[in-house]
Amino acid sequence: MADNTIRELENVVIVGSGPAGLTAAIYAARAGLEPLLIEGFPSGGQLMETTDVENFPGYPEGVLGPQLIEDLKNQATRFGTRFIFENVERFDLTGDPKILTITGDVAIRTRAVILATGATARYLGLDNEAKLKGQGVSACAVCDGFFFRDQDVAVIGGGDSALEDALFLTHHARTVTIVHRRDSLRASRIMQERALNHPKIRFEWASVVADLVGEPDKDGLEGITLKNLKTGALKTIAVTGMFVAIGHIPATNLFKDQVTLDEKGFIDTVGKTSSTNVPGVFAAGDVMDPLYKQAITAAGSGCKAALDTEKWLIEHQS
């Protein structure tokens with residue numbers, strides 16, 4: 001990072017480099033706001049862990065997640081967005097200007113902020129799960145599926161993400177068992193049809209993971225113990241991989257005491273806008289969306305945040 005990439009007072013700083021942050025950067029840059037985008041680590045958001053994206057407009061043949069991020073970044077760069085590959089370590093959003101402190105104790109002063117920090121994978125919270133992370137337990141099928149070639153694995157969850165992971169894993173694993181706490185899936189119809197009709201995928205309905213079998217630093221995960229929620233019966237199935245796909249936790253910890261959050265920890269925006277309770281602070285993407293969590297909705301909210309920011313800056317010119 002070169003120091004001259006930071007101006008004495010920025011118009012707007014965008015935090016996050018997924019579809020929301022990058023789209024906000026495109027719109028803000030085209031509006032002449034000369035945005036500075038702090039990418040965070042790892043950069044690119046959840047699409048960096050996704051293979052084929054088939055439902056993003058403009059890609060009739062589909063596109064790889066990392067390629068989509070690269071395309072958005074190139075477009076934002078074309079219009080003059082500046083990028084810093086660092087993490088924000090402290091936020092002071094209540095003052096004027098707002099101050100964001102990045103790695104190396106470098107303070108960035110800005111009139112407005114767009115928070116597009118995304119969300120991280122939610123795990124089950126079991127003791128053995130934490131011990132076996134990276135040794136059979138993962139929340140990223142795309143990242144780790146290759147290591148389970150011709151093995152038996154399980155996916156925990158019943159939404160689109162879980163079924164997408166399961167279908168991806170069929171390219172590597174011998175069998176994929178989907179464990180779902182309900183007796184019907186929450187995923188979209190097309191994803192359900194693909195999973196239910198796939199010869200490698202089987203289901204454990206109305207069941208949860210009660211424990212994991214295996215020793216860290218030895219053979220790793222060897223199986224998972226399931227509890228049937230209707231009968232209470234326990235059984236262990238042999239798997240060497242468990243992929244958790246039960247949702248995400250919004251990345252709001254560093255500013256949770258400054259910006260109003262909802263009961264799940266997502267940023268609570270005002271009405272149909274991207275505005276937070278703090279003047280000059282806006283939110284976009286998965287960090288404020290507990291419902292849809294799609295690349296296109298994140299991108300759309302990034303557009304809204306940039307437009308709201310531009311309007312706010314015009315109204316508050318000094």
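Numbers here simply count residues along the sequence, with the first being 1. We use all heavy atoms of the structure for the numbers below, so side chains are in, but hydrogens, waters and symmetry mates are not. This structure is a prediction, so every number in the text was calculated from the model and none was measured.
Gln151 places no side-chain N or O within donor-acceptor distance of the main-chain N or O of Thr240, the cut-off being under 3.5 Å. Not one N or O on the side chain of Asn87 forms a donor-acceptor pair closer than 3.5 Å with the backbone of Glu89. The backbone N or O of Glu8 sits less than 3.5 Å from a side-chain atom of Arg109, completing a donor-acceptor pair. Side-chain N or O atoms of Thr252 include one that pairs as donor or acceptor with a backbone N or O of Gly265 at under 3.5 Å. Listed for the Arg7 side chain is no donor-acceptor partner under 3.5 Å among the backbone atoms of Glu34. The main-chain N or O of Phe282 is never found under 3.5 Å from a side-chain atom of Ser274 such that the two would form a donor-acceptor pair. Side-chain N or O atoms of Gln258 include one that pairs as donor or acceptor with a backbone N or O of Leu93 at under 3.5 Å. Checking side-chain atoms of Asp160 against main-chain N and O of Ser188 turns up a donor-acceptor pair under 3.5 Å. A distance-only check finds a donor-acceptor pair linking the side chain of Thr276 to the backbone of Val281 [under 3.5 Å]. Not one N or O on the side chain of Lys230 forms a donor-acceptor pair closer than 3.5 Å with the backbone of Trp205.
Listed here is the closest heavy atom pair of Ile249 and Ala121: CD1-O, 4.4 Å. Contact between Phe85 and Gly40 at its shortest, heavy atoms only, is CE1-O, 3.5 Å. Among all heavy-atom pairs drawn from Ser138 and Asp144, the shortest one is OG-OD2, 2.6 Å. Heavy atoms only, all atoms of each residue included: Ile14 and Pro35 are closest at CD1-CB, 4.0 Å. For the residue pair Asp165 and Ala245, the shortest heavy atom distance occurs at OD2-CB, 3.8 Å. Listed here is the closest heavy atom pair of Leu221 and Met242: CD2-N, 3.6 Å.
In this structure, Thr309 and Tyr27 have side chains that are not in contact, with every pair of non-hydrogen atoms separated by 4.5 Å or more. At a threshold of 4.5 Å between non-hydrogen side-chain atoms, the residues Pro216 and Leu132 count as touching. Residues Leu37 and Ser17 form a side-chain contact, since some pair of their non-hydrogen atoms from C-beta on lies under 4.5 Å apart. At least one side-chain heavy atom of Ile6 sits under 4.5 Å from a side-chain heavy atom of Ile84. When side chains are defined from C-beta on, Phe243 counts as touching Val153, because their heavy atoms get closer than 4.5 Å. The side-chain heavy atoms of Ile26 and Leu72, taken from C-beta on, include a pair separated by under 4.5 Å. You'll find the side chain of Asn128 reaches within 4.5 Å of the side chain of Lys131, heavy atoms only. Contact of the Val155 side chain with the Leu169 side chain is registered, since non-hydrogen atoms from C-beta on lie closer than 4.5 Å.
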- Apply side-chain contact (heavy atoms from CB on, under 4.5 Å) to Val244 and Arg122, showing your working. CA-CA 8 Å; Val244 185; Arg122 186 184 301 276; over 6 Å; no
- Query: Taking it one step at a time, do Asp150 and Arg174 satisfy salt bridge (Lys or Arg N to Asp or Glu O under 4.0 Å)?
  - Reply: CA-CA 4 Å; Asp150 297 324; Arg174 180 170 52 218; over 6 Å; no
- Query: Which is it for Asp105 and Arg90 under the salt bridge (Lys or Arg N to Asp or Glu O under 4.0 Å) test, yes or no, and what are the steps along the way?
  - Reply: CA-CA 9 Å; Asp105 208 34; Arg90 294 191 302 278; 2.7 Å; yes
- Given side-chain contact (heavy atoms from CB on, under 4.5 Å), test Leu261 with Ile267 step by step and report yes or no. CA-CA 4 Å; Leu261 309 179; Ile267 296 175; 3.9 Å; yes
- Item | Step-by-step side-chain contact (heavy atoms from CB on, under 4.5 Å) determination, Val176 to Leu167 | CA-CA 8 Å; Val176 180; Leu167 289 164; over 6 Å; no
- Message: One pair to check against side-chain contact (heavy atoms from CB on, under 4.5 Å): Phe91 and Val15. What are the steps and the verdict?
- Response: CA-CA 11 Å; Phe91 289 83; Val15 187; 4.1 Å; yes
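Residue Ser301 holds its OG atom at 12.0 Å from CD of Gln294, rounded to the nearest 0.5 Å. To the nearest 0.5 angstrom, Phe41 atom CZ is 11.0 Å from Thr103 atom OG1. Taking OG1 of Thr81 as the reference point, atom CG of Leu33 lies at 10.0 Å (rounded to 0.5 Å). We find the OG1-CG distance between Thr225 and Leu212 to be 8.0 Å, quoted to the nearest 0.5 Å. One finds the CD atom of Gln75 at 9.5 Å from the CG atom of Leu22 (value rounded to the nearest 0.5 Å). Distance check, rounded to the nearest 0.5 Å: NE2 of His198 to CG of Leu196 gives 12.0 Å.
Summarising the local packing, NZ of Lys200 is surrounded by more than 12 heavy atoms from other residues, nucleotides or ligands at distances under 6.0 Å. Other residues, nucleotides and ligands contribute over 12 non-hydrogen atoms within 6.0 Å of the CG atom of Asn197. Around atom CZ of Arg149, more than 12 heavy atoms belonging to other residues, nucleotides or ligands sit under 6.0 Å away.
For Phe266, there are no ring-ring contact (aromatic ring centres under 6.0 Å, His included) partners, not counting sequence neighbours. When the side chain to side chain donor-acceptor pair (under 3.5 Å) test is applied to Thr77, no partner is found at least two apart in sequence or on another chain. Checked against ring-ring contact (aromatic ring centres under 6.0 Å, His included), His172 has the following partners two or more places apart in sequence or in another chain: Phe168.
Cluster membership check: Val137 shares its hydrophobic cluster with Leu226, using side-chain heavy-atom separations under 4.5 Å among Ile, Leu, Val, Met, Phe, Trp and Tyr. Transitive grouping of hydrophobic side chains (ILVMFWY, heavy atoms separated by less than 4.5 Å) brings Val88 and Val106 into a common cluster. Residue Leu234 is not grouped with residue Val209 when hydrophobic side chains (ILVMFWY) are merged at heavy-atom distances under 4.5 angstrom, including chains of intermediate members. Using a 4.5 Å cut-off between side-chain heavy atoms of Ile, Leu, Val, Met, Phe, Trp and Tyr, with links allowed through other members, Phe203 and Leu124 fall into different hydrophobic clusters. Cluster annotation: Met48 and Ile296 are assigned to the same hydrophobic cluster (Ile/Leu/Val/Met/Phe/Trp/Tyr, side-chain heavy-atom contacts under 4.5 Å, transitive).
Considering Leu100, Val113, Ile108 in turn, Ile108 is the only one that fulfils the side-chain contact (heavy atoms from CB on, under 4.5 Å) rule with Glu10.
Defined by atom type and a distance below 3.5 Å, a donor-acceptor pair is present between the side-chain atoms of Asp71 and Gln67. No side-chain N or O of Ser275 forms a donor-acceptor pair with one of Asp308 less than 3.5 Å apart.
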